[in-house]
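Note sheet for the following structure.
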Amino acid sequence: MPELPEVETVRRGLSELLPGRVISAETHDNPKSFPNAPADVEQFMNGATIKEIHRRAKVLIIELSSNYVLIVHLKMTGQLVFRNGDMRFGAGHPSYSLVGELPDKSTRVVITFTDGSKLFFNDQRKFGWMRLMPAVEVPNIDFMQKVGPEPLETSFTWQLMKDRLVRRKNTSIKAALLDQTVIAGVGNIYADESLWGAKIHPATLVRNLTDKDFQVLHKALVDVLKLSIEKGGSTDRNYVDAEGKRGSYLTFANVFRREGQTCPRHPDTKIVKLKVAGRGTHICPKCQVPQKD
DNA sequence: CACTTGACCTGTCCGC
DNA sequence: TGCGGACAGGTCAAGT
């Protein structure tokens, strides 16, 4: 579920909460969620102080004073939630999607700090993971070697975006946007929203896009990512920030999960849901007309 | 090599 | 209510 804006929101939240805290213990319910050996946890994690929290694409990197890092990928349903003291949540409060008490049945990993506060890694579908590794090895892992540029860096110009996308010139623009080796951090929500913003049909082959299309798409993508971060990310089902709160971006979404509702640009036209690149895809049939190849 | 599809998991929603 | 099937925002491996 979480894409760049959601992961960035979590990163910012954790950056306010974790640095300076000292890890005292780690437990997990499933080796897939946390594959490291207990001996490594004991040696490089327990007793370590949390330093800075970084993000690359949809991956969080939690720096430890031991020169190891915790790398976290939330995949579809992961959450990283910090609690200090009271492990309960305000039941019924509209800004919280978590209710009850942590840990709950989706809790995969619990990291306890010496002051009694805890970081919970919850992941209903068990696709996500958290793992410990030496900081110096991070740049060498396959993912870091292959991942594309960060779309919110100032160096991410429309020309750079075009250069990256045309690496996949014979596929649909939607599939190319979702490819993390092309551009970092874009997922289904922001692919659909940016294509609507740029008035490009998601099945359009990359090779048929014009420079004008790339320019408009670049602006639409950057704008939608920035807006979502400003709104604390989206929230549909599982995503919550570091304090367990929902984001509000989907309130501002133009097409995503809005099938049957009217297009903001065409009050007489309804948003349609189709399948492109194997994914649920939302378009306005009037704004986004299929291109002939 | 470029590209597409199915698998990984659990939970929810929808139609019967 | 209950049951089967489709589907869910991400990524790999395996297939064409």
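Spacing between atom OH of A/Tyr239 and atom P of C/dG10 amounts to 14 Å, rounded to whole angstrom units. Per the geometry, NZ belonging to A/Lys273 stands 14 Å off P belonging to C/dA6, to the nearest Å. Per the geometry, CE belonging to A/Met144 stands 12 Å off P belonging to C/dT11, to the nearest Å. Atom CE of A/Met76 is separated from atom C1' of C/dC12 by 13 Å (rounded to the nearest Å). We find that NE2 of A/His282 is positioned 8 Å from P of C/dA8, with the value rounded to whole Å. Going from atom CH2 of A/Trp129 over to atom P of C/dG10 covers 15 Å, rounded to whole Å. One interatomic measurement links the two molecules: CZ of A/Arg279 to P of B/dT4, which rounds to 14 Å at whole-angstrom precision. Whole-Å rounding puts the A/Glu259 CD to B/dC14 C1' distance at 14 Å.
In terms of phosphate contacts, A/Lys126 brings a side-chain nitrogen or oxygen within less than 4.0 Å of OP1 or OP2 of B/dT10. Side-chain nitrogen and oxygen atoms of A/Asn170 include at least one within less than 4.0 Å of the OP1 or OP2 phosphate oxygen of B/dC3. At the phosphate of C/dG9, neither OP1 nor OP2 sits under 4.0 Å from any side-chain N or O atom of A/Lys58. For A/Arg125 and C/dA8, the shortest distance from a side-chain N or O to OP1 or OP2 is not below 4.0 Å. For A/Gln124, no side-chain nitrogen or oxygen approaches OP1 or OP2 of B/dC9 to under 4.0 Å.
Classification of the A/Phe44-A/Tyr68 ring pair by plane angle, with boundaries at 30° and 60°, yields parallel. Below 30°, between 30° and 60°, or above 60°: for A/Trp129 and A/His73 the angle between ring planes is between 30° and 60°, a tilted geometry.
Residue A/Gly187 is classed as a sugar-phosphate contact, given heavy-atom separations below 4.0 Å to backbone atoms only. Within the nucleic acid shown, A/Lys146 has no heavy atom closer than 4.0 Å to any nucleic acid atom.
B/dC14 and C/dG9 have their P atoms separated by 16 Å, with the value rounded to a whole Å. Nucleotides B/dC9 and C/dC3 are separated by 24 Å at their P atoms, to the nearest Å.
Between A/Lys32 atom NZ and A/Asn30 atom CG the span is 7.0 Å, to the nearest 0.5 Å. Note: A/Leu18 CG to A/Ile111 CD1 = 8.5 Å, rounded to the nearest 0.5 Å.
No hydrogens or angles were tested; on distance alone, nothing pairs the side chain of A/Arg168 with the base of B/dA2 as donor and acceptor under 3.5 Å.
When each of A/Arg257, A/Arg258, A/Glu259 is paired with A/Gln261, the side chain to side chain contact (heavy atoms under 4.5 Å, CB included) condition holds for A/Arg258 and for no other. Only one option out of A/Leu221, A/Leu4, A/Asp179 pairs with A/Val186 in a side chain to side chain contact (heavy atoms under 4.5 Å, CB included); it is A/Leu221.
Look at A/Phe127 and the base of B/dC8; the rings stack, centres closer than 5.5 Å and planes less than 30° apart.
Under 3.5 Å, the side chains of A/Lys174 and A/Thr281 contain a donor-acceptor pair of N or O atoms.
With C/dA8, B/dT4, B/dC8 as the candidates, the nucleotide lying closest to the side chain of A/Lys32 is B/dC8. Here the nucleotide nearest the side chain of A/His73, chosen from C/dT11, B/dC9, B/dC3, is C/dT11. Out of B/dT10, C/dT11, B/dT4, the shortest distance to the side chain of A/Thr171 is found at B/dT4.
A/Leu70 and A/Leu74 fall within a single hydrophobic cluster, where Ile, Leu, Val, Met, Phe, Trp and Tyr are joined by side-chain heavy atoms under 4.5 Å apart, directly or via other members.
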Review point. Based on Watson-Crick and G-U pairs with both distances under 3.5 Å, what dot-bracket line describes DNA chain B 5' to 3', crossing pairs as [ ] and inter-strand pairs as |?
Key: .|||||||.|||||||
